[in-house]
Amino acid sequence: MSEPGMEILFGFHSVVEALKAGRRRFEVLYLFKKLSGRRKDIVMSAAKTAGIPVSFTDTRQLDALARGGVHQGIAARATPFPVFREPELMAQIAQRQSPFHALILDQIEDPQNVGALIRTALCTGIDYIVIPKDRSALPGPGVSRASAGAMEHASIFVVTNTASTIRTLKTHNAWVAGLDAAGSTLLHQADLTGNRVLVVGGEHKGVRPGVLKVCDFVISIPIKSPVTSLNASVAGAMAMYEALRQKIVN
């Protein structure tokens, strides 16, 4: 019998990266009985090292476990991804001796977008990822799959009130930039060095007005097309890489 609260991870990268990160407790790995090749070897080796039992099964069971997700013949039953809360975020920042960069995802509901943003955040050296608990795709199996397992290595903080969190971040000498098509500061003109917080808004309405109001400045990305906005994950990626560029140059 499974422990209460266990969830199903699915997909090669999600499962392998979760095993590497060592932040979850695994109950069992499920492998398609006809799976072969390098991926099977990697998963079997990791399971043996961690002492995790392996159950060989068919595609019908894997499809059911993954609830229609693309599992690539691999799934696992494990404890949920460990998230932190706002007090832990502020405690970590208070102990820092170097500037920090944080990413706030303001009510982004598509797991594909959240997963892509998390992966980019790790690639660009973002220290903290903040997600409001309501109307957001929270860090579960779908987001892990969309991030190709990168989520398993991220520091993710779930908060109750985004605007309140931003105000508290400002007490730690952070400057907060909202990303919005109507922003008065062009991305390449924005100063993204030092303690910086980037806020990326949801797919339909962008950053909420109440959240934009507490940002120090609002960044826009030039668009030369009848299309008036970029996908949330694309816009966020461009801003994060501009911040990384400035960090390298400076």
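For the numbers below, each heavy atom of this structure counts, side chains included, while hydrogens, waters and symmetry mates do not. If you're wondering where the values come from, they're calculated on a predicted model, not measured in any experiment. Nothing fancy with the numbering, it's 1 onward along the sequence.
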- Message: Under a 3.5 Å distance rule, please check whether Ser220 uses its side chain to pair with a backbone N or O of Gly183 as donor and acceptor.
- Response: yes

- Between the side chain of Asp216 and the main-chain N/O of Val176, is any donor-acceptor distance below 3.5 Å? yes

- Item | Minimum heavy-atom distance Val158-Pro132, with the two atoms named | CG1-C, 4.5 Å

- For Arg145 and Val70, indicate whether the former's side chain and the latter's backbone hold a donor-acceptor pair under 3.5 Å. yes

- With distance as the sole criterion, is a donor-acceptor pair present between the side chains of His172 and Asn195 under 3.5 Å? no

- Side-chain donor-acceptor pair present, Gln107, Asp134, cut-off under 3.5 Å: no

- Salt-bridge test for Lys34 and Asp58: reply yes if a basic N is under 4.0 Å from a carboxylate O, no otherwise. no

- Between Glu88 and Arg85, is the closest basic N to carboxylate O distance under 4.0 Å? no

- Note on the structure: In short, Ala76 meets Leu29 closest at the heavy-atom pair CB-CD2, 3.3 Å

- Query: Above 12 or not: heavy atoms from other molecules or residues under 6.0 Å from CE of Met90?
  - Reply: yes

- Task: Please determine, by modelled atom types, if Gln246 and Thr193 share a side-chain donor-acceptor pair under 3.5 angstrom.
- Result: no

- Message: Pair Val207, Val200 - check side chain to side chain contact (heavy atoms under 4.5 Å, CB included), show working.
- Response: CA-CA 6 Å; Val207 180; Val200 180; 5.9 Å; no

- Message: With side chain to side chain contact (heavy atoms under 4.5 Å, CB included) as the criterion, how do Leu19 and Ile52 come out once you've worked through the C-alpha distance, each side chain's angles and the decisive distance to 0.1 Å?
- Response: CA-CA 10 Å; Leu19 286 166; Ile52 301 166; 3.4 Å; yes

- Task: Give me the one residue out of Lys20, Arg24, Arg23 that meets side-chain hydrogen bond (donor to acceptor under 3.5 Å, both in side chains) with Glu152.
- Result: Arg24

- Task: Taking all heavy atoms of Gly201 and all of Ala232, pick out the closest pair and write down the distance.
- Result: O-CB, 3.8 Å

- Flag, side chain of Ser147 to backbone of Ile118, donor-acceptor distance under 3.5 Å: no

- Please confirm whether the backbone N or O of Val214 pairs with a side-chain atom of Lys170, one donor and one acceptor, at under 3.5 Å? yes

- Note on the structure: All heavy atoms of Val218 vs all of Leu212, minimum pair found to be CG2-CD2, 3.9 Å

- Taking all non-hydrogen atoms of both residues, which atom of Phe81 and which atom of Glu7 are closest, and how far apart? N-OE2, 3.8 Å

- Message: Pairing donors with acceptors under 3.5 angstrom, does anything connect the side chains of His188 and Glu242?
- Response: no

- Can any side-chain N or O of Ser14 pair as donor or acceptor with the backbone N or O of Ser144 at less than 3.5 Å? yes

- Taking all heavy atoms of Glu203 and all of Asp110, pick out the closest pair and write down the distance. OE2-N, 2.9 Å

- Item | Donor-acceptor contact below 3.5 Å, side chain Arg196 vs main chain Asp191 | yes

- For Arg67, does the CZ atom sit with more than 12 other heavy atoms under 6.0 Å from it, leaving out its own atoms? no

- Message: So if I apply the side chain to side chain contact (heavy atoms under 4.5 Å, CB included) rule between Leu179 and each of Ile219, Asp106, Ile104, which one comes out positive?
- Response: Ile219

- Take the angle between the ring planes of Tyr128 and Phe157 and call it parallel below 30°, perpendicular above 60°, tilted in between. perpendicular

- Message: Phe10 vs Val15, test: side chain to side chain contact (heavy atoms under 4.5 Å, CB included). Steps then yes/no.
- Response: CA-CA 6 Å; Phe10 55 90; Val15 172; 5.9 Å; no

- Between the main-chain N or O of Thr168 and the side-chain N or O of Thr171, is there a donor-acceptor pair closer than 3.5 Å? yes

